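Take a look at the structure below.
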Amino acid sequence: MISQAPSPSGTQPYPIPPPTPVITASTSGNIRHEWPAIGLTLVHEFISPAEEQEMISAFHAISLLSPADSKRRISQHFGHHFDYTTFGIDESKHSPVPAYITNFLDRLPVDTDGKEAGRKPDQFTVQYYPPGAGIPPHVDTHSMFGEALYSLSFGSGVPMIFRMSGENEARKLRLPKRSLQESSDGNVNGKVGGEILDKAEGVVVHPAWELMLPARSLLVMRGASRYGYTHGIRPRKTDTMDGVTVKREGRYSITMRSVRRDEEIGCDCLFPGVCDARVRQEQEAALRAGGIKKAEAQ
């Protein structure tokens, strides 16, 4: 199930295989792969093939797929719309959540204890990805949404790359247009995988591993996988799975988040380098320091 790129002679493959998961069966019989150390869970066959077809039909009842559309990503938002400029929500835009989503919400593996116990997502982004499309590696906004981040894949599967964030990601988060600064293929010096030195930046890049997300599977990110790891998809037309080259098909996903409001907004995670709440604190402190210096100079 792992897709690996060729590696230079004498080096490990890029990307490296994922850590060995804990494999269990849920109460409904779904096979779950879990990585407890980083809070990552992959539930296989979370939805049925019939539900999958219903979702695809419902998507295209709203967004008809023309020949031109088949080559670009298409997004639909339900609940409050996701805002790609603030990485939070747009309070002025809200769409009713369709039944094909609400029907499975009670099956989600929500937290059973802690301050987010029983909390279900209320913001949904449904997307179509044409064959070959990718997603730049990123860490989702910490402060504006709850800890659990859910991603349901349907239509076809795709490998997703995970990498522990480091100095590179911390620097990019502090760029004025961080969402536009990522390379579209997510590569560092043309490689994805084993720990290497980024010559351009002079910093160590952590190892990456690639996990196959099958059609109808549910990915759940909490803890380190949610707050400290980047995740992304390499843009390419084919993947190598179990030694066989497979052409990519059109894929759909539903990203599900719970919106934080008022005093809930914020974050005290263990990954300040890629935490938007910490970045704001740094910026506010810098502004205060600049104001004090300006006042002292007058």
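Below, all heavy atoms of this structure are taken into account, side chains as well, without hydrogens, waters or symmetry copies. Just so you know, these numbers come straight off a predicted model, no measurement behind them.
T141 and D276 form no side-chain donor-acceptor contact under 3.5 Å, judged by distance and modelled atom types alone. For the residue pair S63 and Q76, a side-chain donor N or O sits within less than 3.5 Å of a side-chain acceptor on the partner. Defined by atom type and a distance below 3.5 Å, a donor-acceptor pair is present between the side-chain atoms of H60 and Y252.
Of the possible polar contacts, none joining the R236 side chain to the G134 backbone as a donor-acceptor pair under 3.5 Å is found. Between the side chain of R260 and the backbone N or O of G266, at least one donor-acceptor pair lies under 3.5 Å. At least one donor-acceptor pair under 3.5 Å links the side chain of S225 to the backbone N or O of I38. Side chain of E284 to backbone of Q281: no donor-acceptor contact under 3.5 angstrom is found.
Of the inter-residue distances, the one linking Y84 atom OH with H81 atom NE2 reads 10.5 Å to the nearest 0.5 angstrom. In this structure, OH on Y227 lies 10.5 Å from CZ on R222, to the nearest 0.5 angstrom. In this structure, S156 OG and L213 CG are separated by 10.5 Å, a value rounded to the nearest 0.5 Å. Put simply, CD1 on I62 and OG on S95 are 8.0 Å apart, with the number rounded to the nearest 0.5 Å. Rounding to the nearest 0.5 Å places CG of L108 at 4.5 Å from CZ of F46. With rounding to the nearest 0.5 angstrom, the OG atom of S253 is 8.5 Å from the CZ atom of R73.
Across every non-hydrogen atom of S153 and P214, the tightest pair is CB-O, 3.8 Å. Considering every non-hydrogen atom in both E210 and R234, the closest pair reads OE2-CD, 4.4 Å. Scanning all heavy atoms of the two residues, the minimum distance from S165 to G228 falls at OG-O, 2.6 Å. M55 and L152 make their closest contact through CE-CD2, 3.9 Å (heavy atoms, listed as atom of the first residue, atom of the second, distance). A pairwise comparison of heavy atoms in T24 and E34 identifies OG1-OE2, 3.4 Å as the closest pair. The heavy-atom pair separating V139 from Y229 by the smallest distance is CG2-O, 3.5 Å.
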So D111 and R119, side chain to side chain contact (heavy atoms under 4.5 Å, CB included) or not? Walk me through it.
CA-CA 7 Å; D111 292 324; R119 187 168 190 167; over 6 Å; no
Decide side chain to side chain contact (heavy atoms under 4.5 Å, CB included) for F154 and E54; before the verdict, give the C-alpha distance in whole Å, the side-chain angles of both, and the deciding distance to 0.1 Å.
CA-CA 11 Å; F154 58 105; E54 179 188 358; over 6 Å; no
Would you sort out whether D83 and E91 count as a side chain to side chain contact (heavy atoms under 4.5 Å, CB included), showing the intermediate values?
CA-CA 9 Å; D83 189 326; E91 292 280 5; over 6 Å; no
Quick one, H138 with H231, criterion ring pair (Phe, Tyr, Trp, His ring centres under 6.0 Å). Give me CA distance, side-chain angles, the key distance, then yes/no.
CA-CA 6 Å; H138 65 283; H231 59 278; 4.3 Å; yes
Are R248 and D239 close enough, and set up right, to give a salt bridge (charged side-chain N to carboxylate O under 4.0 Å, His left out), and what steps lead you there?
CA-CA 7 Å; R248 281 197 186 171; D239 296 300; 2.8 Å; yes
Start with the C-alpha distance between Y150 and I254, add both sets of side-chain angles, then the distance that settles side chain to side chain contact (heavy atoms under 4.5 Å, CB included), and finish with yes or no.
CA-CA 8 Å; Y150 305 87; I254 306 178; over 6 Å; no
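H33 places none of its side-chain heavy atoms less than 4.5 Å from the side chain of V22. In this structure, M144 and V259 have side chains that are not in contact, with every pair of non-hydrogen atoms separated by 4.5 Å or more. In this structure, the side chains of P109 and V220 come closer than 4.5 Å at one or more pairs of heavy atoms. Contact annotation: the side chain of L40 approaches that of L219 to within less than 4.5 Å [non-hydrogen atoms, C-beta and beyond]. Taking 4.5 Å as the limit, every side-chain heavy atom of H44 sits out of range of all side-chain heavy atoms of R216. When side chains are defined from C-beta on, M241 does not count as touching V244, because their heavy atoms never get closer than 4.5 Å. Inter-residue side-chain proximity for C269 and R278 is flagged as met; some heavy-atom pair is nearer than 4.5 Å. K247 has its side chain out of reach of K237: every pair of non-hydrogen atoms, C-beta onward, lies at least 4.5 Å apart.
Exactly one residue among L218, N30, I31 makes a side chain to side chain contact (heavy atoms under 4.5 Å, CB included) with E45. That residue is N30. The only option from R261, H77, R257 that meets the side chain to side chain contact (heavy atoms under 4.5 Å, CB included) definition with I89 turns out to be R261.
A salt bridge links E51 to R107: at least one charged side-chain nitrogen sits closer than 4.0 Å to a carboxylate oxygen.
Cluster annotation: M212 and I23 are assigned to distinct hydrophobic clusters (Ile/Leu/Val/Met/Phe/Trp/Tyr, side-chain heavy-atom contacts under 4.5 Å, transitive).
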